[in-house]
Amino acid sequence: MASERYNPRDAEPRWQKIWSEAKVFETDNADPREKYYVLEMFPYPSGRIHMGHVRNYAMGDVVARYKRARGYNVLHPMGWDAFGMPAENAARDNKVHPKEWTYQNIASMKAQLKAMGLSLDWSREFATCDVDYYHRQQHLFLDMMEKGLVYRKLSKVNWDPVDHTVLANEQVIDGRGWRSGALVEQRELVQWFFKITDFSQDLLDALDTLDQWPEKVRLMQKNWIGRSEGMTIRWELVAETVPAGQSEVTVYTTRPDTLFGASFLAIAADHPLAREAAAANPAIEAFADECRRHGTSLAALETAEKKGMDTGIRVRHPLDPSWELPVYIANFVLMDYGTGAIFGCPSGDQRDLDFARKYDLPVVPVVMPAGDDAGNFTIGDTAYDGDGVMINSRFLDGLSTEEAFETVARRLSETMLGNKPQGERKVNFRLRDWGISRQRYWGCPIPVIHCEVCGVVPVPKKDLPVRLPDDVTFDQPGNPLDRHATWRHVACPQCGGDARRETDTMDTFVDSSWYFTRFTAPWQDEPTDPKAANHWLPVDQYIGGIEHAILHLLYSRFFTRAMKETGHVEVKEPFKGLFTQGMVVHETYRRGSGPSGEWVAPADIRIEETDGRRRATLLATGEEIAIGSIEKMSKSKKNVVDPDDIIASYGADTARFFVLSDSPPDRDVIWSEAGVEGAHRFTQRLWRLISEAADNLKGVAPAPAREGEALAVSQIAHRTLKAVQDDYDKLSFNKAVARIYELVNALAAPLARVAAGEGDAVFRGAVREAAEILVQIVAPMTPHLAEECWAALGNGRMLAQAAWPRYDDALVVENEIMLPVQINGKKRAELTIARDAEQDAVQAAVLQLDAVRSALDGRQPKKIILVPQRIVNIVV
RNA sequence: GCGGACGUGGCGAAACUGGUAGACGCAAGGGACUUAAAAUCCCUCGACCUCGGUCAUGCGGGUUCGAUCCCCGCCGUCCGCACCA
């Protein structure tokens, strides 16, 4: 009898080797079975995996193994999101080349992932910094350029004057560069853009088709795209008030109905009219400069006072040319939304109201809530921005907001100013084009050449790839490609004259916008093999963190559309199913009291519970340590648990099982030592129960019992099988875990009886079948342990290649059911009765129950509610 | 400010489409085995009392035979966006 403890240190590497040698997880594109593509967001090779990776990849692996067992041809690949700034920072700080640093990190992380026993097709692995990959990305860029999906424009960037580099908005903290601490300047640089706004409407509309995405993510994308319906309205300038030649200004509004409430126009500091006014008046120029300086810093925006300055320019109201309004430059008007100019209606917009109070402009109420009395309706400190009835609006009076909108829209589109309509309906989006230029070394080079004579010339495809040079230095700030001695000097592909390479590289979000497509045929010379891509895409189940809800997922949706337009794929939505998993969180510990104490790692302390109070003490000294809040694992708070340590002491299966237990997968899971030990106890218990009975189960044909004492064994096995299947289909891993515990609890006694040599042939057959079902349904979560049990039962073929068991409906259905019996809505009794009993028979049986008879006390019930196979409620 | 989600025992959580609230796990308490410990096994475990009940799903109402679930109003926590005209 094999009753030793299960030893993952022995079993796990052994099975990993067996799987790998048999290539069981390598996927053939030509396999005729139905396809299933499961993908977890690929990692950045920082050097070590963390618990978040473990949870993410454990979930994906359960899906992959489950679907594989269900008979699908499963694609489950892995790669590396390998370009990016940390490699350059490491180069600068540690004098190691970004390439070397990155590939070393990949090697060690790959070893860690392998130790988890994931069912990945490693034959398709690539890193985005592989020349083979960015070569094809450059190819895609050129194709997109040809289709007009790429352009250059002068644009504002956050410039760090110390590091000589552009910073992303996230890298600007309180107006300062995150590394240098220098005050960030706004600079204008010519940058490359992808025309994602060409797809604004489609990206918005298609969200409705993504019914296997979380509602939350769809909503976030919807808000990010930010569609609004309104009008552009042209206002005639009063000629004698304008310093130079302009004759009109166009505003964008979503509320043309409130036009009679207008009391001023406000324009952005960068608006052409503002520039004109500034040129003629130093005071205006000074104010415009001040507005520009305050630009983007988030903190500044929050507290910034609404400020404006009258330009002296006047406009005529579009519905009454005799009505003149002032034009202000205002610090809250954005040049890059709408037209950079608005009309202010103080009664209908809080910000306009504040502005009007400050500069003493008229406040005319034009919309009042339906049912209010026009005589009494006034605006105090709060604007009314809801719908209602028009007042003080001449020919609009009495109309609803909506009717007024339509009336004004019609009137302005029919009125001419010069030879164009005065106003037009216009849909606006908040979504901006995607700026992809980065002044960095460690990214995909943008494959274009600048020629004095020919202008911007794309690199001919035959000259691809544009390789990153290896001999670069990081001892000075700025982009190493810019100061490389030779790399940037190149002959113009068109005229052959001296020309200059583009030294910008692409945003790393470009790399991650199509890697899932490349996985379908990573060996292909072209960016894709369209046949393979169209076969595999969309990804059936994509799993990753909610932090990518907008950027990565939106960019990927755009990029797939762009690849469709350039003929590389036929689909436009890359991810059919999306699941956003929660984080792994942990208690924090710090020395002393108060918020200044030094953080302490969980590995350095011991936790004890006495009299219901948990205390933490430092292992080394016994000093008491304060237990703090539960937070996302992070190095700075030292509340990290290294997956390697867990795998070394408990094994990968325990780690996988634990991160899937307890918490629903989209919520945070709290890592705790006690919880891990619980999971580990489970693995040991399962092994003990199976291995001790194994000798007496070998050679027994698995067969469900149809009657007698073993029937219950077969019933719970089949019922659990069905339930776990449903749970896996819904990614409800925590519920699957609970059901598997129930099954183990139920099988403990029968397995012990078999181990003791008891039970007849029918019983053993039923127990064997139940044990196999148990092992198979737990296998996606704890694959090594399951293989070990499977082998112990004498099964020759490896479990990874076994088909999923089938449940028998006859064993799932309950023949006798227990009906709760309520009296006046409170449970008073139970009735056990045949499942298919007639309603009359049920009612008769219920009325015979002692509890019912004493409650009725001879009277007739007022009402009897019989919900078949659910509940009975008697109203007395 | 706008938008969204969530709130159930000491803790993580279950509960189908409105139908037995608390499955399963953790922690805790008691017991068995043991020279002892570990491991393992068994029992108890929402609150209160008169042991039959009563009260319990953030709070207050409503709809219903019946509400964790639906509706209205509060309170709290978390997340996203944030001068978007």
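Chain letters run A, B, ... following the sequence lines, proteins first and then strands; every chain starts at 1.
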Check every atom of B:A85, B:C79, B:A82 against the side chain of A:Ile342 and return the nucleotide holding the closest atom.
B:A85
Classify A:Asn745 by what it touches in the nucleic acid, base, sugar-phosphate, or nothing, heavy-atom distance under 4.0 Å.
sugar-phosphate
For A:Glu692 and B:A39, give me the distance from atom CD to atom C1', rounded to whole Å.
12 Å
Between A:Arg828 and B:G53, is there a contact of a side-chain N or O with OP1 or OP2 at under 4.0 Å?
no
If pairs are Watson-Crick or G-U with both distances under 3.5 Å, what is the dot-bracket string of RNA chain B, marking crossing pairs with [ ] and pairs to another strand with |?
(((((((..(((......[....))).(((((.......))))).((((..))))..(((((..]....))))))))))))....
Nearest-angstrom distance from the residue atom CG of A:Asp850 to P of B:G52
15 Å
Within the structure shown, what part of the strands sits under 4.0 Å from A:Leu219 by heavy-atom distance: base, sugar-phosphate, or nothing?
sugar-phosphate
A:Arg351: what forms a side-chain hydrogen bond (donor to acceptor under 3.5 Å, both in side chains) with it, not counting sequence neighbours?
none
Would B:G9 be called syn or anti here, given the cut-off of 90° from 0?
syn
Think A:Arg351 has a side-chain N or O under 4.0 angstrom from the OP1 or OP2 of B:A85?
no
Would you indicate which nucleotide in B:A85, B:C41, B:G19 comes nearest to any side-chain atom of A:Gln822?
B:G19
Mind checking A:Val333 for me? I need base, sugar-phosphate or nothing, with any heavy atom below 4.0 Å counting as a touch.
base
Would you please name every residue forming a side-chain hydrogen bond (donor to acceptor under 3.5 Å, both in side chains) with A:Lys735, sequence neighbours left out?
none
Taking only the P atom of each, what is the distance from B:A37 to B:G30 in whole angstrom?
14 Å
Are A:Tyr650 and A:Phe658 close enough that their ring centers fall under 6.0 Å?
no
Kindly say whether the aromatic ring centers of A:Phe332 and A:Phe355 come within a distance under 6.0 Å.
yes
Which part of the nucleic acid, if any, lies within reach of A:Tyr252 when heavy atoms closer than 4.0 Å are counted: base, sugar-phosphate only, or nothing?
base
Value in whole Å for how far the C1' atom of B:U64 lies from CD1 of A:Ile865:
9 Å
Provide, to the nearest angstrom, the distance between the NZ atom belonging to A:Lys826 and the P atom belonging to B:U20.
14 Å
Quote, to the nearest angstrom, the P distance that separates B:A23 from B:G9.
13 Å
If the cut-off is 4.0 Å, is A:Lys735 near the phosphate of B:A14, judged by side-chain N/O to OP1 or OP2?
no
Base, sugar-phosphate or nothing for A:Asn734? Non-hydrogen atoms, less than 4.0 Å.
sugar-phosphate
Taking any heavy-atom pair under 4.0 Å as a contact, classify A:Glu742: base, sugar-phosphate, or nothing.
sugar-phosphate
Using a 4.0 Å heavy-atom cut-off, does A:Ser661 contact any base of the nucleic acid, only the sugar-phosphate backbone, or nothing at all?
nothing
Whole Å only: how far is the CZ atom of A:Arg218 from the C1' atom of B:G80?
17 Å
Residue met sooner reading RNA chain B from 5', once A:Ala679 and A:Asn824 are mapped to nucleotides
A:Ala679
Separation of A:Leu431 atom CG from B:A82 atom P, in whole Å?
12 Å
With a non-hydrogen cut-off below 4.0 angstrom, is A:Arg667 in contact with a base, only sugar-phosphate, or nothing?
sugar-phosphate
Pick base, sugar-phosphate or nothing for A:Val875, based on heavy-atom distances below 4.0 Å to the nucleic acid.
sugar-phosphate
Does B:A85 have OP1 or OP2 sitting under 4.0 Å from an N or O in the side chain of A:Tyr337?
yes
Here the pair of heavy atoms bringing A:Arg357 nearest to A:Ile379 is NH2-O, 3.2 Å
Does one side chain, of A:Thr197 or A:Asp433, offer a donor that lies under 3.5 Å from an acceptor on the other?
yes
Report the distance from atom CG of A:Asn873 to atom P of B:U20, rounded to the nearest whole Å.
11 Å
To check you understand the geometry: which heavy-atom pair defines the closest contact between A:Thr382 and A:Gln350, and what is its length?
CA-OE1, 3.4 Å
Just to confirm, is there a sub-4.0 Å distance from OP1 or OP2 of B:C26 to any side-chain nitrogen or oxygen of A:Arg681?
yes
Going by atom types only, do A:Ser661 and A:Tyr741 share a side-chain donor-acceptor pair under 3.5 Å?
no
Taking the six-membered ring for Trp, are the ring centroids of A:His317 and A:Phe260 within less than 6.0 Å of each other?
yes
Among B:C24, B:A85, B:A82, which is the nearest nucleotide to the side chain of A:Arg430?
B:A82
Between A:Arg685 and A:Asp349, which is nearer to the 5' end of RNA chain B once each is assigned its nearest nucleotide?
A:Arg685
Roughly how many Å apart are B:G22 and B:G10, using the P atom of each and rounding to a whole number?
16 Å
With no hydrogens and no angle check, is any side-chain donor or acceptor of A:Arg430 less than 3.5 Å from a backbone partner on A:Trp224?
yes
So, does the side chain of A:Lys306 form a donor-acceptor pair with the base of B:C83 at under 3.5 Å?
yes
Rounded to the nearest Å, what distance is computed from the CD1 atom of residue A:Ile225 to the C1' atom of nucleotide B:G80?
15 Å
